[in-house]
Amino acid sequence: MSAQPPNPTEISPPLLEWFDRTGRAMPWRETRDPYRIWVSEVMLQQTQVTAVIPYYERFVRRFPSVQALAASTENEVLALWEGLGYYSRARNLHSAARRIVDDHDGLFPTDHAQVLALPGVGPYTAGAVLSIAYEQPLPAIDGNAERVLCRVFGIEGDARRGEARKTLRRLATEAVPARRPGDYNQALMELGSQVCLPDAPNCGSCPLATLCVAVRSNRQHVLPTPRQRPKLQRCYVAAAVLWRRGRVLVARRPSEGVWAGLWELPWMEAGSEIECPDALVPFLRDAFGLRAEGLAPIDHFSYGVMNTRYRAAVYETRHVRGRARPAQHEAVAWRSPTELEGLIMPAPHRRVARRLAR
DNA sequence: AACGCGGGGCA
DNA sequence: TGCCCAGCGTT
């Protein structure tokens, strides 16, 4: 009962027509400047459009050109990135800007291989920037576009691996039109995010419905084939708010690994639900050389990162003795809740800091 | 509170 | 190819 997949060249005309009619206005759609397109594409990685817009506007106002970005310090860039998360994106953006100035005369490269060689730029970002800014007919397959293509062409199997992956890439490449490839790529992603939704696709208003294998075989809900996902891990953490003269202890993480170089509250991981702060006391002694007493619970919340679900408990005390000396951190500091605003902190720690400032 | 998702670096 | 990185919007 398999419907015939469409010819890849049939996709772009109805899609572009739909995009011209319904495409949303976005600040980075007002420009053909490859630098701005690039900044927007990096910000849009794992972050939604509405969250990106204010960050994008602030960023290009502060750094209007690749030269301005390259001339700044990494810390300035991270400060503007604060709140967007996944800070390696900002570090890569900054280091790539320096490379563009040093090696490419300050012009965003037009050569595909040179673009792919920039830190933080992979197949998606390279295709997006080169197609949108330079009209190069390259595909830009993000998660939304992948879902649309799997449904339209009826691609079975995990599209990230094996035969399905090859098929997807071949058809995606053939489907990119020579004219308006950048608009086509944006249209495909926008269709995925606005119409071809994961759970409840709105096929009635989809410009590709008549071509779509999934629609014609009524398999919208089984395509794309779900990926195998590892089982969810659960973790427990306890964080400490240590007060001294109206300030709390924060520590700067090492420059490698998770949350590299960011400031955080003292915290530890535990194998099971933490019922009492007893485990924190020896931890604070070992990691900071501090003797804490009277830790009392003030907050708890949960957050997830990919495959792990964390349950966090926050304890505070004013009874801390000793001079803080970090064993695993690069630095420690005592900061008032207001001063914490100026530090770059990971999302869960920022949450606690904001609570202290209220 | 549970759930589901993404793109790039790197060995 | 498989792990690492380490957040948020939706339900």
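Worth knowing before you read on, the calculation uses all heavy atoms, side chains too, and leaves out hydrogens, waters and symmetry mates. Each chain gets a letter, A, B and so on, in the order the sequences are listed, and its residues count up from 1.
Across all strands, Arg89(A) comes closer than 4.0 Å to no nucleic acid atom at all (heavy-atom distances). When heavy atoms are screened at a 4.0 angstrom cut-off, Arg160(A) is found touching the sugar-phosphate backbone but no base atom. Residue Pro119(A) is classed as a sugar-phosphate contact, given heavy-atom separations below 4.0 Å to backbone atoms only. If you check every strand for non-hydrogen atoms under 4.0 Å, Leu118(A) touches sugar and phosphate atoms only. Contact annotation for Gly127(A): no contact, since no heavy-atom pair falls under 4.0 Å across all strands.
In this structure, Tyr310(A) places its OH atom 10 Å from P of dA6(C), rounding to the nearest Å. Whole-Å rounding puts the Arg227(A) CZ to dC3(C) P distance at 14 Å. Atom pair His221(A):NE2 and dG4(B):P shows a separation of 16 Å (rounding to whole Å applied). Straight-line distance from the CZ atom of Arg147(A) to the P atom of dG4(B): 14 Å, rounded to whole Å. As a whole-Å value, the separation of Asp299(A) CG from dA1(B) C1' is 15 Å. We find that NZ of Lys166(A) is positioned 14 Å from C1' of dT1(C), with the value rounded to whole Å. Between the CG atom of Leu84(A) and the P atom of dC8(C) there is a distance of 8 Å, given to the nearest Å. Put simply, CG on Leu116(A) is 9 Å from P on dG9(B), counting in whole angstrom units.
Between Trp243(A) and His319(A), the ring centre distance reaches or exceeds 6.0 Å. Taking the six-membered ring for Trp and the full ring otherwise, the centers of Tyr35(A) and Phe108(A) sit at least 6.0 Å from each other.
Of the candidate nucleotides dG9(C), dG7(B), dC3(B), dG7(B) has the atom lying nearest to any side-chain atom of Thr125(A). Nearest nucleotide to the Gln48(A) side chain, out of dG7(B), dA2(B), dT10(C): dT10(C). The side chain of Val258(A) lies closest to dA6(C), out of dA6(C), dC3(B), dG9(B). Between dC3(B), dG9(C), dG7(B), one nucleotide has an atom nearer to the side chain of Ala51(A) than all others, and that is dG9(C). Of the candidates dA6(C), dC3(B), dG8(B), the closest approach to any side-chain atom of Trp259(A) belongs to dA6(C). Among the nucleotides dG8(B), dA6(C), dC8(C), the one closest to any side-chain atom of Pro123(A) is dG8(B). For Arg161(A), the listed nucleotide lying nearest its side chain is dG2(C); candidates were dG2(C), dC8(C), dG9(B).
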Let me see the working for Glu135(A) and Arg179(A) under salt bridge (Lys or Arg N to Asp or Glu O under 4.0 Å), right down to the final yes or no.
CA-CA 8 Å; Glu135(A) 296 276 317; Arg179(A) 244 177 55 73; over 6 Å; no
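Heavy-atom distances to DNA chain C give each of Gly85(A) and Gly162(A) a nearest nucleotide, and the one nearer the 5′ end belongs to Gly162(A). When each of Ser302(A) and Val305(A) is assigned the nucleotide of DNA chain B with its nearest heavy atom, Ser302(A) is the one assigned upstream, toward the 5' end. If you find the closest nucleotide of DNA chain B to Gly120(A) and to Tyr86(A), the one lying nearer the 5' end belongs to Tyr86(A). Comparing Thr50(A) and Gly257(A) along DNA chain C, the residue whose closest nucleotide (by nearest heavy atom) sits nearer the 5' end is Gly257(A).
Nucleotides dG4(B) and dA6(C) place their C1' atoms 16 Å apart, quoted to the nearest Å. Distance noted for atom C1' between dC5(C) and dC5(B): 15 Å (whole Å).
Checking Asp142(A), Val152(A), Leu16(A), Leu149(A) one by one against Leu188(A), the side-chain contact (heavy atoms from CB on, under 4.5 Å) holds for a single residue, Leu149(A).
Gln186(A) and Arg29(A) share a side-chain donor-acceptor pair at under 3.5 Å. Donor-acceptor pairing under 3.5 Å is lacking for the side chains of Asn144(A) and Ser193(A).
Tracing side-chain contacts under 4.5 Å through hydrophobic residues (I, L, V, M, F, W, Y), one reaches Met345(A) starting from Leu78(A); they form part of the same cluster.
Between Ser88(A) and the phosphate of dG8(B), there is no side-chain N or O to OP1/OP2 separation shorter than 4.0 Å.
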